[in-house]
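All figures in this text were calculated on a predicted structure; none of them were measured in a lab. Residues: numbered from 1 along the sequence shown.
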Amino acid sequence: MAETLLNVVAEEILGKLISLATEQIGLAWGFEEELTRLRDSFAFIQAVLADAGRRQVREELVRLWLQKLKDVAYDADDVLDELAYEILRRKVEIRNQMKRKVCFFFSLSNPIAFRIKMANKFKTIRESLKRINDEANGFGLIRAGSVNINPETIPNRETDSFLDHSEVVGREDSVSEIVKLVTSTTGQQLSVIPMVGMAGLGKTTLAKLVYNHELVKNYFDKKIWICVSDDFDDKRILRRILESLTGNPSQLESKDAILQNLQEELQGKRYLLILDDVWNENSMKWDALRGCLLGINSNFGNNIIVTTRSHKVAEIMETLSRHQLEKLDDDECWSIIKKRVSAVPLTPDLEAIGRDIAKKCRGVPLVAKVLGGTLSLKKVKSQWLTIQNSEVWSSLRDSNDMLPILKLSFDYLSSPSLKQCFAYCSIFPKDYVMDKEELIQHWMAEGFLQPSQGSNLVMEDVGIMYFDILVANSLLQDAEKDEYDNIVSCKMHDLVHDLTLSISKLETLIVKGDSMDDISLVRRLSIQSEEEIVPRISFSKEHVRRLRTLVSNANLFGNMLSNFECLRVLRLSGSSIIELSESIGRLIHLRFLRISCPNIKVLPKSIAKLYNLQTLNVRDCYCLKELPKDLKNLVNLRCIFVWSTIYMSCLLKDIGQWKCLRRLPNFFVSQNADRRIEELGQLNQLRGQLNIVDLENVRDKEEARRANLAEKAKIDELGFFWGISTKRREVNYRNEEDVLEGLQPHQNLKSLSIYGFGGKKFPSWMLRSCDAKDALSLFDNLIDINLNGCTECEEVPTLGCLPCLKFLVIEEMDKVTCIGVKFYTIYSDDSHRNALFPALRKLKLKNMKCLVEWQDVMEVTAARVVFPCLEEFTIKDCPQLTSAPCHFQSLNKLEIGGVCSRIFEKICSKLTTCTSLRSLKIEECGELSQIPEALHNLSSLETLEVKGCPKLMSFPSIQAAASLLRHLAISCDLSINDCPNLILIPDLQEFRSLTQLEISGCPNLKIIPDIGEVRSLTQVDIFKCQKLTRLPQWLWDCRLNSLSIGGFCEELDVFSILSSMTSSHASLKYLYLYGWTQLNSIPDEIQHFTAIKMLFIREFDGMETLPEWLGNISSLRCLQLYRCKNLVYLPTKQAIQHVRRLDINDCPKLKERCAKGSGAEWSKISDISDLFIDDEYIIRGFHPTLAEVLENLELIAWTKVNSLPDEIQCFTALKRLEIWNFDGMEALPEWLGNLSSLQMLCYCYCKNLMYLPTAQTMQRLTKLEYLKIYNCLKLKERCEKERGAEWPNIAHIPFIEIDGEYI
């Protein structure tokens, strides 16, 4: 199929070249005649391309002729682009010289030499074209009719129908069967169900339907989705499982560390793991992964679903019968096609043709979906007949050969440029999530998105149109949307990806491992290196001169970057890349540059000479210190992202020079001339998101108006940010109301955020949003509003009439005392409206310290409906509030806390009519003594949490929820904490699917009721309930993974029950014991639990020694001792030989005996790898060379350590030190000055840190350039500029960032 692209590429490039040559004729100096000849030659050749494309399949000579033509067309494109670059370069340099009021024309490159060079290149192209023309005449290629010298642009159209991804046909029985299977496999520790079928049958779709099924959501505690593909490496898969569970990327390299973290995440949890697209047929690899999964979690009921094309894979992995996906019948295929063509008037003739095409789909839903997308763009019978009668149907070699059928959709894409965009996607790996915006930037850089002459569209608009067409054709799928319903990313089905590779195999190469591929003929290259394994290929100029796209995660190029002289796209990533050569500035054709290299420190200055650059994306470069100075010269720049540090974003200046700019996420205002807000004034093409930060630096309304926001019609999301109070005192303009008045946005805005606004009232353009019943509101398109930290505002704006508002957050408006009728409407008689806040889905009201009254609009106006669509409501920390509305009939999630009991009862009073409430969280309601009756009958409730309600005396009977809770093996978590007056909790007999039960800090609770069904319970925490008279007998029958128990009355023989818990003896892994004064030992019954990995022992004050039988628990890895004040002796070293972590906290006698090197017990614990004493990490030593080579160190979550470990002072090569969550530390040591290489120092979430080393010590850190302080409240106050006690110690540091603000 690769020959198909020859014709497409040649046609697309020739069309572009004719247009470019026409444009350049009027600009070039002395090349007008050459350009005219080139244009005419291109036009002649383009006229015979259609015939050549038809004949190339049968005639080898014609195919070779097309290959030559394509190569010459690429060369001509480079020559014309070089000419355009030179014209642009001269304009930029002359402009810069004129700004300096000096004009040295002789300092520019020699124009005569350039003309001679270009004349020779034009001559070479012309001679090549003459030979190609002569060959075309020899072949007798037929000339087509008139030629449109502008590439076709496809008209816009409706796209709603293709955005619905719920169109699944013929799999209902399969879904029900598999859901029933995975929710009933309680007899196996790890059940594996393979789904087997050929490509395109919908294995992944079926797995997704199961994965997202309500019964599955409720049955499993954790769900994990991993796309495996052809790289079945157990460590990689385990790391990806961990990343899926935590939601964060993992840098762990040690398999053991990964397994330990997975154990913590999955302890006591029942999980479903999807392994999608598995190809591994090596049983040993599967056994290795299976062994790890069983070691992590041996609970019964865990399930794996595997999707694969291979029966051999299924045979190796299955524990339950595989599910063989069958093909759809013809009617089901027609049903899929019919949905896709719903916008086409379906005549009887068209239906007959469509049904015949459905038969030809051979029961494969992907083919039906793709062809349906193609037919949806065809409106007349002849176009459908062309597809029905295609030669493809008769040329298929076997029933599973789907690529030729899928290629029909490619063939019928409407323009060569669109076909190029589709083929380009082959550069990405299978299952890669393609960011929509970045994909369009790639296409744009390659030159695929040229608008028609005279069109009002820009390249990004054409790209969006092409993207939507590919989604409509199902050539792109799995579209992810943002909260505004815009598609932001997508994937490509494996079979469709195979199609892109088959089409573009002469153009694109993906290199993995130590490949030795020849890349001399390739146009697009992706290098996917793994660790130290890199390809062994030559990057000489001769081998890489044709490349137009290069994607690499390996440090391979050094000073050879200039060899890639034709590059349009360069994308570099990976920690191995620590610097870029200045030779990058010679890549004059470069349009797209993305750098994601965490260890790179400086960007080459020569980047500022890439005058053709359209996209500059610098992200995750955490060591980056500065940006090139002359970025203002990048006059073609359309998009700039600097996602490394806030400080880096602050360095962007003179942005007003970027007249073509479309995307600028953040702009930091300064009083310096190069960063004033007026720099935004001429950038009226900006689109998407724009945050304007440090608005305290804007002088007045007139200066604010120079930003010209009202003219920026394509900005969707706008954020206004004022800085911290110290910055305002420095500037002291006191003009915030005027400034915000001058920042009026365009009415197309979808999202508005205002942070730290210090005015007393909002601007008129906000307050007039509902000033006339028939007027178009400025905010009629707003979907999201966030008002945060507007501490001086005395009232909230009128927002209830906004028709599209879905998300509203109001926080820290300290002066607001009343939310009245004006919040909803300015009319007392608003009966003409159907509803107020008609579309609002999420409402958060938080930290309103002075709010006393929140009026119910339905009580004081004629309004009939308010909040009809509200699904999530959060109200917290409004301590003075005495009234609030209660009309929330659509709620499914309610969080309430920090309010008086009267407000709690008012809000909950109408919840009996709310049949949708699934989650209720109650916390810090200090006066709440009982749960209102309204909550007793919540039949849909899944999750209930009650925390920090010290006066709560009784818990409601919530039996109404039990019918649903029987099916909730995952989300039914009942948690009751810190309610000291609680004496009664409800009957739990009907709760048959409870998995986690926590009851703690309830000292007056006497009885825990029986639970009807305990087999689902995996975690039970019952402790600090001092009046509890007995433990429930149902504990005997539980098969627990985690148990916390103790802290009861001293008469209760609590630990004897442990010997009776026979069902948990082999499953319990985490045991937390809370003792009391009289207990002189831990219970012997612990020995029965043979799987314990972690043992926590607290407040056994009568215990002097730990028993030797601990050595019998060979599975024990972590031992934590807390507040055992008389504990003196540990068991022998042999008894704790398996322990890898030991924590000793507030055990004064044992601490003394465990002193490093000198204590009597030290020899017993000296080999334990992780040792903490009073939360201080005891470093037992390190390799002597480590101190000489370690450059980056992060210390995280040593929450009770009161100082940094002294051993760190030896790390003299350290360049970056980050300290997180050291809650017990108040001061930093003076030896910090020994870290002579330190360049970056960060303190984050150290809530008690107050004191830095002395100024003399800090000044010894001569290389320290960047200090970051984040969420360290006490230190932040002491580091206030010019005022804080610590300011003299840090004033010399060049760059200081405090809570995201550059000081």
Side-chain angles (χ1 to χ4, degrees), residues 618-619 624 626-627 631 639-656 658 661 663-681 683 686-701 703-709 712 715-745 749 751-759 762-763 784-791 809 811-812 1266 1268-1271 1276 1281 1295-1303:
V618 181
R619 61 175 63 211
L624 192 63
E626 60 183 26
L627 297 174
L631 289 181
C639 174
I640 184 163
F641 293 103
V642 180
W643 296 117
S644 295
T645 64
I646 289 177
Y647 163 64
M648 282 295 110
S649 298
C650 291
L651 293 184
L652 293 177
K653 56 187 180 181
D654 291 316
I655 67 167
W658 298 330
L661 199 65
R663 292 287 279 114
L664 177 70
N666 300 297
F667 177 66
F668 289 78
V669 184
S670 168
Q671 297 178 64
N672 298 333
D674 53 15
R675 283 206 290 124
R676 288 181 182 160
I677 199 166
E678 63 194 45
E679 291 289 316
L680 294 171
L683 306 182
L686 286 177
R687 57 175 66 196
Q689 181 187 33
L690 173 63
N691 292 320
I692 307 177
V693 187
D694 292 344
L695 282 166
E696 67 278 1
N697 290 314
V698 181
R699 298 173 189 277
D700 50 37
K701 183 196 298 185
E703 186 173 332
R705 280 179 175 163
R706 290 179 201 143
N708 207 16
L709 295 182
K712 296 174 174 38
I715 289 182
D716 297 324
E717 304 175 46
L718 190 57
F720 298 132
F721 295 77
W722 275 263
I724 55 179
S725 58
T726 52
K727 287 189 173 185
R728 296 184 191 183
R729 285 200 296 269
E730 291 168 19
V731 178
N732 198 26
Y733 289 145
R734 300 186 182 278
N735 58 354
E736 296 178 27
E737 290 180 15
D738 285 345
V739 169
L740 193 53
E741 187 71 48
L743 293 174
Q744 177 175 335
L749 198 65
S751 172
L752 175 66
S753 298
I754 300 175
Y755 284 78
F757 173 61
F762 289 105
D784 187 357
I785 297 178
N786 193 323
L787 307 175
N788 198 314
C790 304
T791 54
V809 176
E811 286 193 50
E812 294 185 31
Y1266 178 63
K1268 177 178 179 178
I1269 300 170
Y1270 188 78
N1271 229 338
K1276 173 184 175 180
K1281 187 175 181 180
F1295 307 117
I1296 302 172
E1297 181 184 327
I1298 299 180
D1299 283 354
E1301 301 285 346
Y1302 173 59
I1303 305 299

Short side-chain donor-acceptor distance under 3.5 Å, Asp700 and Asn735: no
Heavy-atom side-chain contact between Ser753 and Asn788 under 4.5 Å: no
Main-chain N/O of Ile655 paired to Glu679 side chain as donor or acceptor, under 3.5 Å: yes
N/O donor-acceptor pair under 3.5 Å between Arg705 side chain and Gly742 backbone: no
Heavy-atom side-chain contact between Val739 and Trp722 under 4.5 Å: yes
Results of salt bridge (charged side-chain N to carboxylate O under 4.0 Å, His left out) for Glu717 - residues two or more places apart only: none
Expected output: side-chain Trp658 to main-chain Ile640 donor-acceptor under 3.5 Å: no
Nearest heavy atoms of Val698 and Ala704, plus distance in Å: CG1-N, 3.8 Å
Test item: Asn672 and Arg676 side chains (from C-beta on) under 4.5 Å apart, heavy atoms: no
Side-chain touch Leu787/Glu811, heavy atoms, less than 4.5 angstrom: no
Close side-chain approach of Leu695 and Asn697, heavy atoms under 4.5 Å: no
Set of ring-ring contact (aromatic ring centres under 6.0 Å, His included) partners for Phe667, sequence neighbours left out: none
Closest approach of Val669 to Ile692 (non-hydrogen atoms, all atoms of both residues): CG2-CG2, 3.6 Å
Salt bridge (charged side-chain N to carboxylate O under 4.0 Å, His left out) partners for Glu678, two or more places apart: Arg706
Qualifying residue for ring-ring contact (aromatic ring centres under 6.0 Å, His included) with Phe757, from Phe762, Phe721, Phe720: Phe762
